[in-house]
Structures are given as C-alpha cells and as structure tokens.
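Presented below is the structure to which this report refers.
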Amino acid sequence: MSYGRGRIASVLVVGVVADERGGGVLQALDAVGRPAGPAEPVTDLAAAVAAREAAERPRWVWGSGAALYPALLRAGVRLDRCHDVELTEGLLLGHAGRWGEPRSLAAASARLTGGPVPPDPPRPPEPPGHGQGALFDAPSGPPGPGIETLTQVYADQLARIAATTHPGRFRLLVAAESAGALIATEMGAAGLPWRADVHDAVLAELLGEPSPVGGPPRRLAELAARIADAFGVRQLHADSPAELLKAFARVGVELPNTRAWVLRGVEHPAVPLVLEYKELYRIWTAHGWAWRDAWVSGGRFHPEYVPGGVVSGRWATRGGGALQIPKVIRRAVMADPGWRFVVADAGQLEPRVLAAVSGDARLAAAGGAGDLYAALARDAFAGDRARAKVALLGAMYGQTGGAAVPALAVLRRSYPTAFGYVEAAARTGEAGGLVRSWLGRTCPPGGVPVTDGDDPGPDGGVDPQSPRARAARSRGRFTRNFVIQATAAEWAATLLATLRTALAGSDAELVFFQHDEVVVHCPAGQADAVARAVGAAGERATALLFGDTPVRFPLDLSIVDCYADAA
DNA sequence: AGTTTCATATGG
DNA sequence: CTCGCCATATGAAACT
C-alpha cells in the first residue's frame with residue numbers, strides 16, 4: 001500500500017452555488033478568477049459535483065464550506081480541495097485591519113459593489129439528529145448570491161491576496177484554512193470511536209453506581225457526608241465555594257479561594273476529601289452519564305468542530321467539550337476490533353515555532369534537537385532543563401514576576417534575537433498596533449493606546465496601576481503570544497491538510513484533532529504506513545511554512561488500541 | 001424566571 | 001506596586 005500521489009500540473013477551478021431545491025450552478029474559472037466557460041445550471045447538485053470531482057478533481061470555490069459541505073458529505077460526496085470565500089474574507093479583513101466586519105459572500109459582494117452590507121447570519125448548530133430534511137437547508141431569507149457574485153468576489157479575493165505582505169504565505173494560509181473546513185466537517189461526521197460500555201465502567205469505578213433519581217452517585221454522596229463530618233456539621237455543599245470558605249473559616253482556616261492548589265497547602269482532615277470530591281464532581285457533571293447520552297451515538301462521539309473559531313486560528317468546538325476530554329475518560333476511546341489509533345503529538349511546538357520564525361540562529365540550532373529544552377539547558381542554562389523551560393515559556397507568555405525572572409534574564413542575554421521577536425510583538429500590542437502570524441493571520445485590534453489621555457503620575461509618567469495601563473500590558477501579552485500560537489496553529493493545520501490528502505482513498509480516517517495532536521483510526525495492518533504518512537506530513541508542513549530551517553518539529557507517535565494509552 | 005458573571009475545573 | 005497565553009463547560013451566585 002502506498003499513500004500520497006503526485007500533483008496535477010494545473011489545477012482546475014470550479015465555482016459552485018446551491019439553490020434551495022437541491023440544484024445549483026457550476027462555473028469553470030481561470031487562474032485569475034474569470035469565467036472560463038458558460039455557467040452550468042444543474043438540478044442535482046450533489047451528483048454534478050461528484051461527477052466533476054471524479055473527472056477533474058478541481059479546486060472548488062464556494063461561499064461557505066460550513067454551509068455546503070455537510071449536505072454533500074451526507075450524499076456521499078467527498079471533495080479534495082476548496083477555496084472557502086467566507087473564511088478567506090475573514091483572513092483578508094483581518095489583514096486589512098478591518099477585523100469583525102461581516103465576512104459572508106453576500107457581505108463581501110456588497111462591499112465590492114457599494115451596496116448595503118448585510119450582517120453575518122448567526123450560524124445555527126447542526127442539529128444532533130442530522131441526516132433528514134432537504135439536501136441543502138433552504139435559507140429562510142431571500143435567495144443567496146448567484147454564481148456571478150461568487151466569481152466576482154473570488155477574483156477580488158485573489159487580487160487582495162496578491163497584495164498582502166507575503167502573498168505566497170497567505171495563499172498557503174487560505175488553502176490550509178479552507179481545507180480545515182472540509183476536515184472539520186468530515187471529522188464531525190465520522191466521530192471519535194467511543195465505547196459507551198467502557199465509559200460506564202470508568203464512571204462506575206470512579207463514582208459508584210448512578211443514583212436512580214438523578215442525584216449524585218454513591219461515592220460522591222459518601223464523600224459529601226464524610227466532608228460534612230470532618231467539619232462537624234450536618235450537611236455541606238462541597239461544590240459551593242462560598243460554603244466551603246465558611247466551613248474552613250469556622251475551623252480557623254482563612255482562605256482567599258477554594259482552588260485546588262490553595263487547598264493543597266492546608267492541614268485539615270477535610271482537605272483530601274474535598275480535593276477528591278472536586279475531581280469526581282467535575283467528571284460527573286461534565287463527562288458523566290448525561291454527557292454520554294447527549295453526545296455519543298452509534299459508538300461514536302460527534303462534536304461539532306469550528307475551524308478558525310479562536311482568534312489565534314486554533315479550532316474551537318461547539319458543545320460536547322471535545323477539546324477538554326479528561327485523561328481518565330479517554331479510556332472509553334477504543335479502536336474498532338482489528339483497528340488501531342495512530343496518535344501523533346507535536347512536542348514543544350510553540351518554542352520550536354519561536355526558533356523558526358525569530359531568525360535567532362542560536363535558538364534555531366537548539367531547535368534542531370529532539371528535546372529543545374535540554375539543548376537550551378546545555379547551551380545557556382548550565383544544564384538546568386527546568387530553568388530553561390520556564391524561561392522560554394515565560395518569554396512567550398509575557399511573564400514578568402516570580403521565580404522565572406532571573407531565568408528570563410539569561411534567556412535575553414543568550415538569545416537576544418528570539419527574545420527581541422516576542423518583545424517587539426508585545427510592544428506593538430501595547431501601543432495599540434496589530435501583529436501577524438508567519439502566514440499572515442492578523443490579531444484583532446485592541447482598545448485605546450495607553451499613552452493617550454492617561455493622567456500622568458507623580459513622576460510625570462503614566463500610572464502603571466491605572467486600568468488603561470493594565471489593559472495595555474494585557475494586550476501586549478496577548479500579541480506577544482499571538483505571533484507564536486497562531487503560527488503553531490498554522491503548522492498544525494498544514495500538517496492536517498497534508499495528511500488528509502495523503503490518506504485520501506485509503507481506509508484510514510481522521511477522527512480527532514486538538515491543537516498539536518492528531519488521531520487517525522485505521523486497520524491494524526495499515527498502522528505503520530499511516531504513522532509514516534503522519535511523520536511525512538509533519539516534515540511537509542515544516543518545509544511549506546519555513547523552507548530550509550534547522551529547526552525540527554518531531555512528532556511523538558504511538559499506535560494504540562486505546563487513546564488513553566498514547567504516550 | 002431568565003440572564004449574566006464568577007469560580008473552578010478541563011484541555012492545549 | 002500586579003503582572004503567564006488561548007480556549008469550553010459547569011453550577012453557584014448575583015443580577016435584571
């Protein structure tokens with residue numbers, strides 16, 4: 001078996017719009033977005049798209065993959081690549097400093113022709129029981145933009161992309177973002193294999209039997225009683241921070257809050273009980289029986305992924321908390337019989353991104369090692385890996401206090417170029433400016449710059465305590481981290497898109513993606529080949545983004561039956 | 001009664 | 001002198 005295939009020399013481009021009756025219009029386009037033939041009205045859009053995909057595998061241009069692709073997928077049509085006008089418009093508006101303006105095809109067209117710009121319609125979540133109803137959900141309002149509108153906006157977007165700071169990079173960003181929309185739809189439809197019986201067993205082991213009346217399960221009720229006992233009271237809601245604070249105060253312990261790390265520093269017989277209660281209570285409410293009934297069906301967990309749902313370009317999810325599945329609950333994620341999971345995790349992704357984008361040769365050399373922190377420690381921290389790590393993380397997050405301060409000074413001295421890179425991003429943000437990721441995603445604008453209209457302090461400077469100054473520093477930390485986090489998201493999205501292409505036509509399916517981690521479900525006999533394909537996708541992503549860089553982006557790969565067993 | 005904010009947990 | 005980034009989800013508490 002082999003994965004991957006060659007590129008076709010010239011990629012055909014076909015625009016597509018849907019009508020409300022399952023039909024639509026196709027339109028071949030040339031390299032600059034002009035019509036390259038007559039518009040082709042069709043009555044069965046899914047069939048027409050499927051036929052064209054099989055014959056030419058074009059790049060599809062459409063208003064919104066989130067709106068069109070689910071119905072195509074339900075009809076059994078899988079597409080190789082697309083240009084998503086709505087996602088691209090969001091990226092272009094951001095690049096132009098017009099973050100937050102409506103980004104729909106209709107809005108983009110209105111800006112082009114000078115008409116009134118309609119606000120983006122709220123996107124209703126896909127109903128959990130999808131699969132019935134019209135092939136393409138009939139919009140309740142007036143008919144959507146036609147094929148001429150689509151082609152005009154597409155051509156305009158191509159021109160605007162060409163005018164960005166780094167057009168080549170921006171094209172990659174648009175391609176990755178568009179592919180992400182396809183993958184998110186496919187992944188949500190496929191779902192993550194989920195064994196309800198194993199989930200039940202985990203819950204029974206942790207929580208005891210569920211209460212028949214919907215109250216807390218047995219072990220939680222027992223813990224609550226023992227906590228009340230330890231405080232010498234009849235009853236106590238351990239999940240209420242206020243009650244807990246009062247209870248501790250009565251036994252002479254004054255606490256600022258009831259966070260776990262605060263409680264851990266307290267000597268009292270109730271503490272270990274409370275900590276256990278918090279942990280189990282969380283699992284019961286957020287990932288217990290009710291969660292399973294709502295989100296798991298047919299042996300799969302079906303979250304709704306939202307690519308680009310986070311300002312940094314990371315994916316979000318709507319409902320189900322798919323990106324916060326606790327480690328213990330991952331025991332329920334089991335491969336089908338005869339199948340395996342290939343789990344790949346990009347270790348130390350963000351510091352490696354800093355090494356690659358900052359142009360700091362010394363840090364880039366360290367980034368060539370399998371363990372960047374260890375290399376950093378050998379190079380500049382007298383072998384102290386822990387100190388090297390807090391220094392680098394502190395620099396990327398904007399830490400200014402605590403034990404990291406001396407380590408940060410070492411970092412600044414040894415890697416001035418890398419340090420200066422994040423410092424510059426922070427200063428730009430503090431001053432109210434915009435920063436961009438490596439491929440050109442732009443951060444949202446901030447508020448008013450700190451120096452304008454702020455009352456001078458006693459020494460004539462700006463009061464660092466003022467709300468405005470605090471907000472400026474907060475925005476500086478945001479922009480400082482944005483240039484790293486957003487670029488890391490781009491690397492991961494590029495890997496994912498590359499991997500999807502490599503796996504196309506095989507039995508392997510992408511079933512999970514979480515920031516810097518991807519899970520593929522495949523027949524056991526193909527697991528080794530899939531693992532190699534994932535590794536190759538990582539190398540391809542590195543080359544596409546950074547070209548010839550000494551920085552490596554190694555993947556921790558494991559082949560497992562159960563997600564919880566992944567390294 | 002319904003909505004918003006707070007506190008706390010989870011994930012990266 | 002305060003000072004670590006991005007999120008989602010829950011229930012309690014505080015609002016309207």
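Computed from a predicted model, the values in this text were never measured in an experiment. So that the names make sense, note that chain A is the first sequence line, chain B the second, and so on, each numbered from 1.
- Going from atom CG of A/Leu323 over to atom C1' of C/dT10 covers 16 Å, rounded to whole Å.
- For the pair A/Thr88 and A/Ser178, the tightest heavy-atom approach, listed with the atom from each and the gap, is OG1-OG, 4.3 Å.
- Here C/dG4 is the nucleotide among C/dG4, B/dG12, C/dA9 with the atom lying nearest to any side-chain atom of A/Leu393.
- Counting any heavy atom pair closer than 4.0 Å across all strands shown, A/Gly319 reaches sugar-phosphate atoms only and no base atom.
- Proximity of A/Arg259 to the phosphate of B/dT8: a side-chain N or O atom is located under 4.0 Å from OP1 or OP2.
- Contact annotation for A/Gly309: no contact, since no heavy-atom pair falls under 4.0 Å across all strands.
- With values rounded to the nearest 0.5 angstrom, A/Tyr281 atom OH is found 12.0 Å from A/Leu207 atom CG.
- Across the protein-nucleic acid pair, A/Tyr397 atom OH and C/dC3 atom P stand 18 Å apart, rounded to whole Å.
- Between the NE2 atom of A/His237 and the P atom of B/dA7 there is a distance of 20 Å, rounded to whole Å.
- Nucleic acid contact class of A/Ser312 (heavy atoms, under 4.0 Å, all strands): none.
- Using modelled atom types, one finds a donor on one side chain and an acceptor on the other under 3.5 Å when comparing A/Thr542 with A/Trp491.
- For the pair A/Arg318 and A/Glu304, the salt-bridge criterion is met [side-chain N within less than 4.0 Å of a carboxylate O].
- Counting non-hydrogen atoms under 4.0 angstrom, A/Ala242 reaches the backbone sugars and phosphates but no base.
- Residues from residues 271-278 of chain A lying near DNA chain B, meaning a heavy-atom separation below 4.0 Å, are A/Lys278 in numerical order.
- Checking B/dA9, C/dA7, B/dG12 against every side-chain atom of A/Ala260, the shortest atom distance belongs to B/dA9.
- For the pair A/Lys327 and B/dA9, the criterion of a side-chain N or O lying under 4.0 Å from OP1 or OP2 is not met.
- Heavy atoms of A/Gly321 sit under 4.0 angstrom from primed sugar atoms or phosphate atoms, though from no base atom.
- Open room surrounds NZ on A/Lys389; 12 or fewer heavy atoms of other groups in view lie less than 6.0 Å from it.
- The side chain of A/Arg282 approaches B/dA9 more closely than any other nucleotide in the set C/dA12, B/dG12, B/dA9.
- Across C/dC6, B/dT8, C/dT10, the shortest atom-to-atom separation from the side chain of A/Pro241 is found for B/dT8.
- Of the candidates C/dA12, B/dT8, B/dG12, the closest approach to any side-chain atom of A/Arg314 belongs to B/dG12.
- Checking C/dA7, C/dC3, B/dG12 against the side-chain heavy atoms of A/Gln324 singles out C/dA7 as nearest.
- For the pair A/Met396 CE and C/dC5 P, the computed distance is 13 Å after rounding to whole Å.
- Rounded to an integer number of Å, the gap from A/Leu263 CG to B/dA7 P is 15 Å.
- Scored by the ring pair (Phe, Tyr, Trp, His ring centres under 6.0 Å) test, A/His287 finds A/Trp291 as partners (sequence neighbours excluded).
- At the heavy-atom level, A/Ala404 lies nowhere under 4.0 Å from the strands shown.
- Nucleic acid contact for A/Thr258: sugar-phosphate only, since backbone atoms but no base atoms lie under 4.0 Å from a heavy atom of the residue.
- In this structure, the CZ atom of A/Arg318 is 15 Å from the C1' atom of C/dA7, given to the nearest Å.
- For A/Thr400, the listed nucleotide lying nearest its side chain is C/dC3; candidates were C/dC3, C/dC6, C/dT2.
- Side-chain atoms of A/Thr498 and A/Arg540 form no donor-acceptor pair, as typed in the model, at a separation below 3.5 Å.
- A salt bridge links A/Asp200 and A/Arg292; the closest N-O separation between the charged side-chain nitrogens and carboxylate oxygens is under 4.0 Å.
- Side chain of A/Thr487 to main chain of A/Trp438: a donor-acceptor pair is present (N/O by atom type, distance under 3.5 Å, no hydrogens or angles).
- Closest heavy-atom contact between A/Leu408 and A/Ala391: CD2-O, 3.4 Å.
- Side-chain atoms of A/Arg477 stay outside donor-acceptor range of the base of C/dC5, with no qualifying N/O pair under 3.5 Å.
- The only option from A/His95, A/Arg98, A/Arg436 that meets the side-chain hydrogen bond (donor to acceptor under 3.5 Å, both in side chains) definition with A/Thr442 turns out to be A/Arg436.
- Between A/Ser240 and C/dG11, a side-chain N or O to OP1/OP2 separation shorter than 4.0 Å is absent.
- Residues of residues 479-486 of chain A having a heavy atom closer than 4.0 Å to DNA chain C, listed by number: A/Asn481, A/Gln485.
- Taking atom CH2 of A/Trp315 as the reference point, atom P of C/dC6 lies 22 Å away to the nearest angstrom.
- In this structure, A/Ile325 places its CD1 atom 12 Å from C1' of C/dT8, rounding to the nearest Å.
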